[in-house]
Protein chains: 2
Amino acid sequence: MSYIVPMRRLRLPGGDLEYAVLTRLWELGLASAREIHTHVGEPAGLAYTTTAKVLDRLHVKGLVIRERKGRAFIFRPKVARGIFDQARARTLLSRLLGSRPLTAVATLVEAVESIDPTLLDELERAVAARRRSPDGT
Amino acid sequence: MSYIVPMRRLRLPGGDLEYAVLTRLWELGLASAREIHTHVGEPAGLAYTTTAKVLDRLHVKGLVIRERKGRAFIFRPKVARGIFDQARARTLLSRLLGSRPLTAVATLVEAVESIDPTLLDELERAVAARRRSPDGT
DNA sequence: GACAATGTACGACATACGTCGTAGATGATC
DNA sequence: GATCATCTACGACGTATGTCGTACATTGTC
């Protein structure tokens with residue numbers, strides 16, 4: 001790892017709460033702050049304004065669109081989940097691989113296994129699939 | 001993703017600069033702040049005190065040991081790289097897998113490929129190896 | 001022993017994010 | 001139309017981390 005780059009400022013990833021909110025939005029297609037809160041914030045014991053604030057920040061970051069509907073807003077994702085997740089995965093992966101990709105890959109596989117052994121099959125399948133279509137099938 | 005857990009406070013991961021410094025320490029075995037700075041901070045255009053501060057924080061976090069040597073300190077890692085990297089990988093991976101592990105695995109493989117296609121081989125090998133010895137060979 | 005060089009200690013500021021609380025606006029209800 | 005419920009706007013605080021600068025201490029050198 002060189003850390004020569006002074007700190008990338010990708011507006012993409014974001015924190016866990018933001019991602020959880022965005023995820024819910026992707027699943028619902030469109031939703032009010034209240035709905036998102038009911039699904040994400042509330043079960044986590046968070047205040048309604050916390051959810052609202054997150055939605056607000058996502059809006060500022062241009063990750064969600066919002067339209068007024070009466071006194072409230074209806075939010076909808078502005079970025080495609082696939083695109084976002086891809087970028088997010090690349091960012092997280094880059095940090096993980098660092099200067100010793102080979103070793104890191106082994107560690108990565110171990111981690112996958114420790115989280116859920118059955119994912120090894122999936123991993124194998126995914127690699128095979130990737131091999132079959134190096135493009136984007 | 002449920003985000004039910006209010007935010008883990010693992011003292012492990014840390015940021016990129018901290019990880020870069022720790023990595024250098026693992027590589028060198030033991031080193032002075034000046035040495036680390038020469039290897040990590042300087043090439044990144046950082047001030048010496050920045051490197052020193054990072055080392056200081058790593059010390060506070062109990063990730064490095066330091067012994068006085070004259071007016072300076074000699075640092076040495078306190079945690080094994082393997083252990084640390086494993087925990088780090090698990091943390092990063094957990095965030096990546098989220099609520100749709102299957103989809104995430106595919107995205108993950110794509111990301112690996114986009115970063116370095118040859119790593120797919122490595123990934124395959126690692127999975128196979130993991131299969132052969134589910135323990136810790 | 002005075003001085004320059006080099007270290008450490010530490011406070012400070014910036015940003016990203018999680019997390020609330022309050023205030024004010026707006027729509028719904030009787 | 002007065003009242004109540006619900007939203008949004010926004011400021012604030014806490015923590016983690018990157019990033020410096022300054023002050024103070026220590027060491028090595030004439």
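Here is the naming used below: chain letters follow the sequence lines, and residue numbers restart at 1 for every chain. Note that these values count all heavy atoms, side chains included, but never hydrogens, waters or copies made by symmetry.
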Checklist entry - Are side-chain heavy atoms of A/T23 and A/F84 found at a separation under 4.5 Å? => result no
Checklist entry - Considering only C/dT19, D/dC20, D/dT17, which nucleotide approaches the side chain of A/L17 most closely? => result C/dT19
Checklist entry - Should the pair B/E124-A/R131 be classified as a salt bridge under the 4.0 Å nitrogen-to-oxygen rule? => result yes
Item to check | Interatomic distance, B/L22 CG vs D/dG18 P [rounded to whole Å] | outcome: 12 Å
Next on the checklist: Rounded to the nearest 0.5 Å, what separates atom CG in B/D85 from atom CG in B/L92?
Outcome noted: 10.5 Å
Item to check | A/T50 side-chain N/O to C/dG18 phosphate OP1/OP2 under 4.0 Å | outcome: no
Checklist entry - Tell me: NE2 of B/H37 to P of D/dT19, nearest whole Å? => result 12 Å
Checklist entry - Rounded to the Å, how far apart are A/K69 NZ and C/dA28 C1'? => result 14 Å
Checklist entry - D/dT19 base to B/R57 side chain: any donor-acceptor pair below 3.5 Å? => result yes
Checklist entry - Any side-chain heavy atom of B/L93 within less than 4.5 Å of one from A/L96? => result yes
Checklist entry - With sequence neighbours excluded, what pairs up with A/R57 under the side chain to side chain contact (heavy atoms under 4.5 Å, CB included) test? => result A/E18, A/K53
Contacts under 3.5 Å, N or O only, protein and nucleotides 7-10 of chain C:
| from | atom 1 | to | atom 2 | distance (Å) |
| --- | --- | --- | --- | --- |
| C/dG7 | OP2 | B/R34 | NE | 3.1 |
| C/dG7 | OP2 | B/R34 | NH2 | 2.5 |
| C/dT8 | OP1 | B/F73 | N | 3.1 |
| C/dT8 | OP2 | B/Y48 | OH | 2.6 |
| C/dA9 | OP1 | B/R66 | NH2 | 3.1 |
| C/dA9 | OP2 | B/R66 | NH1 | 3.3 |

Checklist entry - B/Y19 has an atom OH; how far is it from atom C1' of D/dG18, in whole Å? => result 18 Å
Next on the checklist: I need the minimum non-hydrogen distance between B/G62 and B/K78, along with the two atoms involved.
Outcome noted: O-CD, 3.2 Å
Checklist outcome for this item: For A/V109 and B/A126, the nearest pair of non-hydrogen atoms, with its separation, is CG2-CB, 3.6 Å
Checklist outcome for this item: Separation of D/dT17 atom P from B/L55 atom CG, nearest Å, is 15 Å
Item to check | Interatomic distance, A/K61 NZ vs C/dA16 P [rounded to whole Å] | outcome: 8 Å
Checklist entry - Does NZ or CZ of A/R34 fall inside the cone over A/Y48's six-membered ring, less than 6.0 Å from its centre and within 45° of the axis? => result yes
Checklist entry - Rounding to a whole Å, what distance do you find between A/E18:CD and C/dT19:P? => result 11 Å
Next on the checklist: I need the CG-P distance between B/L58 and D/dT19, as an integer number of Å.
Outcome noted: 14 Å
Checklist entry - Are the side chains of A/L25 and A/F75 in touch, meaning some heavy atoms are under 4.5 Å apart? => result yes
Checklist outcome for this item: Taking five pairs at each terminus, the helix from C/dG1-D/dC30 to C/dC30-D/dG1 shows an axis bend, to 10°, of 20°
